[in-house]
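The structure under discussion appears below in the form of structure tokens.
Bear in mind the structure is a predicted one, so any value in this text is a computation, not a measurement.
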Amino acid sequence: MLLNYHSPDHVHQTIVRQPLTVHSKMRLLDVIALINEAQANFRDVPSKNNSSSNNFTKDINNIASQVASCVLVVDDSQLVGILTQRDLIKMAAERKNLEGISVAEVMTTELVTLKIEDFKDVFTALNLLRQHRICHLPIIGNQGELIGLVTPTSLLAVTIQQAGLYNYARVKLAERQRIEAELRLERNFISTIFNLTDALVVVLDSQGRIVRFNQTCEQATGYAFEAAQGKSVWDVLMLPDITECLKDIFQNLAAREFPQRYEAILINQDGDRRLISWSNKVLLNHDDQIHYIVCTGIDITESRQAQEELRQAKEQLQTVLDAVPGFVSWVSADGYYLGVNRHLAESFNLTTDDFVGQELGFLQNSPQFTEFMHDFLHRQDVADSNVVDTQINGLTRKYLVIAQKYQQNTAAVAVGIDITERKQAEMALAESEAMLRSVLKSTPSMVRVVNAEGKISFINQTTPHLSWEDVVGTSIDDYVLREDCEIQRSALEKVFAQGEVVSYETRALDKQTNLKYYHSQIGPIWHNQQVTGAVIITNDITDRKQTEIALQRAQEALQQLNRDLEARVEQRTLELQESEAELRAIFNQAAVGIKLEALDGQFLKVNQKLCELLGYSQAELMNKTFRDLTHADDIPHHQKNLEKLISGEIETFSIEKRCLHKNGHLIWINLTVSLIRDVVGKPLYLVGIVKDIRNQKQAEEDLKRQFATVEAAIDGIAILSGNVYTYLNQAHVEMFGYTNPEELIGKSWSEIYEPQEIQRFQNEIFPTLMQQQHWRGETIAKRKDGSYFAEEVSLTISEQGDLICVCRDISDRKKAEADICKALAKEKELSELKSRFISMTSHEFRTPLAVIASSAGILKSFSHKLDEQQKQKHLQCIQTYVQHTTQLLDDILLINKAEAGKLAFEPNYLDLVNFCHILVEEIQLSSPEHHLVFCQPPQHSLSDGEPVMAYMDKKTTETNFKQLAF
């Protein structure tokens, strides 16, 4: 297996993660010294010759010594320039003076860079290096940050690792030659599989020319292999919708991957269009070049047509049931509603979905109906009827209920007809009969009502040569061939005896004696629990029968052609031997597993793909049966289909089952089995095609997990198609005040926005969304109760054209942002107050400090001229202002404590008069420009010598008085 040198791991290993980097202001001479030092370090690193992939990173770092030939200039984590040895040599050749020059003056600023997310393979970097003729390619991140450096030498390291693969290929070539020699011996076996498979198999060369063509392909296209051999596939198969695409693919086959699976229209030689599902496998030669392309096609035309017809039939059935004027309901065998028609649901002001899953009688409006249905479901009767009372909008109505079981008595359908008033019932009956007749006349099928003797009492349409009166009263045997009368009579007797619906086919001659084929279905008409008549619905199937006969004749002709071809096999033995290696390669190199089994399940032959899938060698598989490799729960299903295939009930079957790998784990496969018979039709052996469907199964599981993740998301997620909601998760529903997604499914997105916001979407958001395929921003949305809220919205247009909406309620975030703004405004106000306080405090500090400095200067310069009293005065002044400054500091600390909530309240008894005197003296010293006076209380109000005591916090009181004084 070749190593993928395009993988991100190997590509990223070519990046030198620590190149030389400098800043733009660095001197050029310092940069040159840095380069020389780095080159010397690389030369000193010892070389180690180790081919192990574990030393791959070390080899990269050793080879990256070339990185030292340049420096990358980085400012603020952003790459701004590059300087290489080539630039230095050029400056030296120009004899420039390098003294005092910074890197920014000489570096190259027009950079060629590569983002790390665009670095997918080595060719991306090599193309940039060649295109711009550079040797150094910086690798940057999504934000412009420097990741590393890539050089031609570092890229070479990826190629070096591939060299060891050539020896491996040489050994494989010898082994392949041996295998091819063995494969030639099994040419007839491969040819049988190639020609008998039901799939179209075409082998093309690298130019699109047809090399091989199996019989199925000859039958589908109308071309013989000899006529198609060597021609281009688009000239023979005539694929008009992909002709140009195929030509372009083969012209550029070396640079483009060939599509593995696709569907295309094939036009055969007769002009018929067939839808083919193609599966392609590329076969390589010994030079790893495309040698052959094996194209396997499955005709899915009828499958697609059947799917479309089934869908139309379901729509027509639902339309008919909704148009029925009576009550129609489907009930399971255990008494739960499977569905109702629209008329029944609307009569009780409900929807049809409200009934699904509910138990009979949940409305409590008709106990008689509930009892009748429960009794009918527990009985073996196929059909029954009864009259029941039902409460509708407060009124009691009588209904005739007719019940019929279906699906092998596992479910029943009940039809209720209102028969409250006799006249209304007669009118309703007349209208119903007229409607039925109108429907019967408009239907293309012939509908007849007959009695037990086969006499016709009603027919919905006349024949071209008989009137309605001519047909009524005649026998049904008059209109079929005599030999088919017994078939028709047997079906009629079975209907009247057992009450079953019977289908049969008859023949008749028209007026021109042309043979016509008819398919009829006869069913009972019940009355009082007895079959009183039968309804026969007949359709003309002449065209289908003629087609079947033509196909049978064509098959016989093909069988004769096959016998002729077998007679020619002996004559072409030499040609088949020459092409034996080619068919052997198809068998063993097929993209699917192929096995040959005996009728008892013993493996006779397997290809290499099946061995790889199951983990066994061919020798090991030869000793096993399919039962040994199949999960125990899947063996009965496989065995049942195998028995049908061997008995001839079916020609082929395809199933999905679990196989056991050699190491024990389970593998999901799709198995298609065909039976090979001899010339007389005796079963010989089984051919099985095995497809690995593990990825399909894993994709189904991944899809389930992804859907569960979306449903569990806390953000609202919705998908819109054509401005209408097609999907909403529960978080989106609850965000807008709803309870169920059905309340918004099918409605426009504009219902949850005001007109002003809708106008903004149409004028601003949608133009940007259509241009960029994505938009993200904030809007104002409306809940179901009419309240508004802010939401953050992300809109993305998918590849299918749907609009994916992810929204988040940001009301709390908006409120938090408003609170933060208020807090910031308050903080700004406090900061301004603090600034004014600091300014005032600085002024308060400046005055006492100026007085202290002045007194200290006088004492220092003129102390010899001052007497002792003057010196004491200045010292006292300095001491006083020092105390004042200390007090200011205490005040500041006090304010800080108050702001921090750490201010302690410590009250105590103190002499209030003495406290005030001391406080006035301190304030007077700090403010000599003011004159402070303290007035004591009148003496007669106080006792002689008795102090005025107060219980207060001294520090807090001092601070408050000083603040008031200033």
Side-chain angles (χ1 to χ4, degrees), residues 310-379 381-421 424-425 427-429 431-433 435-436 438-439 443 501 523-526 529 535 739-747:
L310 179 60
R311 183 188 63 80
Q312 293 178 358
K314 288 182 178 179
E315 293 178 354
Q316 293 172 359
L317 176 60
Q318 188 61 45
T319 301
V320 172
L321 291 176
D322 288 339
V324 172
F327 293 171
V328 182
S329 60
W330 301 265
V331 183
S332 63
D334 53 356
Y336 287 86
Y337 281 105
L338 300 176
V340 300
N341 69 338
R342 187 182 303 167
H343 182 72
L344 173 57
E346 291 177 352
S347 297
F348 295 98
N349 299 321
L350 297 173
T351 65
T352 56
D353 292 336
D354 294 334
F355 281 79
V356 177
Q358 297 287 350
E359 188 176 5
L360 284 171
F362 79 99
L363 293 176
Q364 298 182 354
N365 64 326
S366 180
Q368 295 179 0
F369 172 77
T370 304
E371 181 180 358
F372 164 73
M373 288 302 298
H374 278 301
D375 179 68
F376 170 71
L377 292 172
H378 286 87
R379 287 188 280 109
D381 296 341
V382 178
D384 198 359
S385 62
N386 196 11
V387 177
V388 299
D389 292 339
T390 301
Q391 291 289 333
I392 300 178
N393 297 325
L395 299 176
T396 300
R397 311 290 294 179
K398 288 186 177 295
Y399 278 84
L400 173 62
V401 178
I402 303 171
Q404 176 80 37
K405 293 180 181 178
Y406 64 98
Q407 289 184 353
Q408 298 179 352
N409 296 338
T410 60
V413 59
V415 179
I417 302 174
D418 190 351
I419 56 171
T420 305
E421 298 177 3
Q424 290 180 351
M427 294 176 61
L429 181 60
E431 292 176 358
S432 298
E433 183 178 359
M435 182 183 300
L436 178 60
S438 176
V439 172
T443 183
V501 177
I525 299 176
W526 294 90
Q529 299 183 353
V535 175
T739 56
N740 296 316
E742 288 75 13
E743 296 183 70
L744 289 175
I745 293 294
K747 296 184 179 179

**Request:** Kindly indicate, with the supporting measurements, whether the criterion side chain to side chain contact (heavy atoms under 4.5 Å, CB included) is fulfilled by Phe372 and Asn386.
**Result:** CA-CA 8 Å; Phe372 164 73; Asn386 196 11; 3.6 Å; yes
Quick check: closest heavy atoms across [X] and [Y], and the distance to 0.1 Å?
| X | Y | value |
| --- | --- | --- |
| Trp330 | Asn341 | CZ3-N, 3.8 Å |
| Thr352 | Val340 | CG2-O, 3.6 Å |
| Phe376 | Ala383 | CE1-C, 3.6 Å |
| Lys405 | Leu377 | NZ-O, 3.7 Å |
| Val382 | Gln404 | CG1-NE2, 3.2 Å |

**Request:** State plainly whether the residues Arg397 and Asp389 are in salt-bridge range, i.e. N to O under 4.0 Å.
**Result:** no
**Asked** More than 12 non-hydrogen atoms from neighbouring residues, nucleotides or ligands closer than 6.0 Å to CD on Gln408, yes or no?
**Response** no
**Asked** CD of Glu371: more than 12 outside heavy atoms within 6.0 angstrom?
**Response** no
**Message:** Quick check on the 6.0 Å ring-centre criterion: do Tyr399 and Phe369 meet it?
**Reply:** no
**Asked** Would you say Val331 and Leu338 make side-chain contact, with heavy atoms under 4.5 Å?
**Response** no
**Prompt:** Can you check side chain to side chain contact (heavy atoms under 4.5 Å, CB included) on Phe348 and Asn365, steps first, answer last?
**Reply:** CA-CA 10 Å; Phe348 295 98; Asn365 64 326; 2.8 Å; yes
**Request:** Test side chain to side chain contact (heavy atoms under 4.5 Å, CB included) on Phe355 and Leu350 and set out the steps.
**Result:** CA-CA 8 Å; Phe355 281 79; Leu350 297 173; 3.8 Å; yes
**Request:** For Asp353 and Thr351, test the side chains for any donor-to-acceptor distance below 3.5 angstrom and give the result as yes or no.
**Result:** no
About how many Å separate [atom2] of [Y] and [atom1] of [X], when rounded to the nearest 0.5 Å?
| X | Y | atom1 | atom2 | result |
| --- | --- | --- | --- | --- |
| Arg379 | His374 | CZ | NE2 | 13.0 Å |
| Ser347 | Asp418 | OG | CG | 9.5 Å |
| Thr370 | Asp375 | OG1 | CG | 12.5 Å |
| Tyr336 | Glu359 | OH | CD | 4.0 Å |

**Prompt:** Per the side chain to side chain contact (heavy atoms under 4.5 Å, CB included) rule, which among Asp384, Thr390, Val388 passes with Val401?
**Reply:** Val388
**Request:** Could you give me the CA-CA distance, side-chain angles and deciding distance for Ser329 and Tyr337, then say whether side chain to side chain contact (heavy atoms under 4.5 Å, CB included) is met?
**Result:** CA-CA 7 Å; Ser329 60; Tyr337 281 105; 3.9 Å; yes
